[in-house]
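One structure is given here, and the rest of the page talks about it.
No experiment lies behind these values; they were computed from the predicted model shown.
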Amino acid sequence: MQLSELQQEVHRYISQFKEGYFQPMTLVVRLAEELGELAREINHHYGEKPKRPDEPEGNIALEMGDILFVLACLANRLEINLDQAFSATMHKFSTRDRDRWTRRDGHEEDGLGGRADG
């Protein structure tokens, strides 16, 4: 799925409600809230703070999905094409940071630049 398709799906969902999109600042606050929820789950799974025994199990993937949803809402509200924005960001990293990180063997000419995890 392209990011533009994600944006269209979010728009179809939001468009069925009279209230429509929240104001940009409200969406930024919601994005911060969702990021906090993701951070909490990451901390419980990989950090120093285990879950309390009475806390329900969370889902890192769902928290990331929530962030994507709110980010798409914000992009739609501001009429920003996320495909174009992401493409511009990748171009920036592949040029500005092309030689910033130590490349793995065989990846010198992949044109991706930056750091590969995995």
Side-chain angles (χ1 to χ4, degrees):
M1 174 183 280
Q2 296 291 314
L3 293 171
S4 57
E5 294 170 317
L6 178 141
Q7 285 185 259
Q8 290 168 8
E9 185 172 344
V10 167
H11 186 69
R12 282 191 298 274
Y13 175 77
I14 295 295
S15 293
Q16 63 185 321
F17 305 107
K18 290 180 182 179
E19 292 81 3
Y21 292 102
F22 291 135
Q23 293 296 316
M25 192 63 210
T26 301
L27 289 167
V28 169
V29 170
R30 286 202 57 216
L31 191 57
E33 289 171 354
E34 296 298 345
L35 183 58
E37 291 174 14
L38 174 62
R40 181 177 179 84
E41 289 306 317
I42 294 290
N43 194 23
H44 287 319
H45 284 83
Y46 303 104
E48 305 294 324
K49 184 180 177 188
K51 276 193 179 286
R52 296 185 315 263
D54 62 331
E55 260 186 288
E57 190 63 29
N59 185 314
I60 292 171
L62 286 178
E63 296 302 342
M64 288 181 168
D66 290 347
I67 289 170
L68 278 173
F69 178 84
V70 176
L71 187 61
C73 286
L74 182 58
N76 288 349
R77 182 70 165 83
L78 298 175
E79 298 181 1
I80 292 171
N81 179 307
L82 287 176
D83 285 321
Q84 293 172 357
F86 185 72
S87 180
T89 294
M90 289 308 298
H91 176 73
K92 173 182 70 174
F93 281 115
S94 66
T95 55
R96 182 190 70 190
D97 294 339
R98 180 169 183 78
D99 298 319
R100 184 173 183 178
W101 308 104
T102 305
R103 294 188 185 273
R104 296 173 187 247
D105 289 338
H107 292 322
E108 290 80 17
E109 299 300 324
D110 64 8
L112 295 177
R115 190 169 140 178
D117 294 326

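- Interatomic distance, CZ of Phe22 versus CG of Leu74, reported as 12.5 Å (0.5 Å rounding).
- Remark: Asn59 CG to Met64 CE distance equals 10.0 Å, nearest 0.5 Å.
- Environment of CZ in Phe17: crowded, with over 12 heavy atoms of neighbouring residues, nucleotides or ligands closer than 6.0 Å.
- Remark: the backbone N or O of Arg100 is not paired with any side-chain donor or acceptor of Asp97 at under 3.5 angstrom.
- With Thr89 contributing its side chain and Ala85 its backbone, the two residues share a donor-acceptor pair below 3.5 Å.
- Tracing side-chain contacts under 4.5 Å through hydrophobic residues (I, L, V, M, F, W, Y), one never reaches Phe86 starting from Leu71; they form parts of separate clusters.
- Summarising the geometry, atom CD belonging to Glu34 is positioned 11.0 Å from atom CG belonging to Leu27; distances are rounded to the nearest 0.5 Å.
- Between Lys51 and Glu41 the shortest side-chain heavy-atom distance falls below 4.5 Å.
- Taking all atoms of both residues into account, the shortest heavy-atom contact from Ile14 to Gly20 is CG2-C, 3.5 Å.
- The 12-atom threshold is not exceeded at NE2 of His91, counting heavy atoms of other residues, nucleotides or ligands nearer than 6.0 Å.
- Taking the six-membered ring where the residue is Trp, Tyr13 and Phe69 present perpendicular rings, their angle passing 60° and hence far from 30°.
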Run the numbers on Val10 and Asn76 for side-chain contact (heavy atoms from CB on, under 4.5 Å), then give the verdict. CA-CA 9 Å; Val10 167; Asn76 288 349; 4.1 Å; yes
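- Inter-residue side-chain proximity for Leu38 and Ile67 is flagged as met; some heavy-atom pair is nearer than 4.5 Å.
- For the atom pair NE2 of His11 and CG of Leu6, the computed distance is 13.5 Å after rounding to the nearest 0.5 Å.
- Across Gly58 and His45, no two heavy atoms sit closer than the pair O-CE1, 4.4 Å.
- Glu63 places none of its side-chain heavy atoms less than 4.5 Å from the side chain of Arg40.
- Nearest heavy atom pair, residue Asp66 against residue Glu37, reads OD2-OE1, 4.5 Å.
- Checking side-chain atoms of Gln7 against main-chain N and O of Leu82 turns up a donor-acceptor pair under 3.5 Å.
- Linking ILVMFWY side-chain heavy atoms closer than 4.5 Å, directly or via other members, places Tyr46 and Leu62 in two distinct hydrophobic clusters.
- To the nearest 0.5 angstrom, Glu57 atom CD is 9.5 Å from Glu55 atom CD.
- Met1 and Leu3 fall into different hydrophobic clusters, where Ile, Leu, Val, Met, Phe, Trp and Tyr side chains are chained together by heavy-atom contacts under 4.5 Å.
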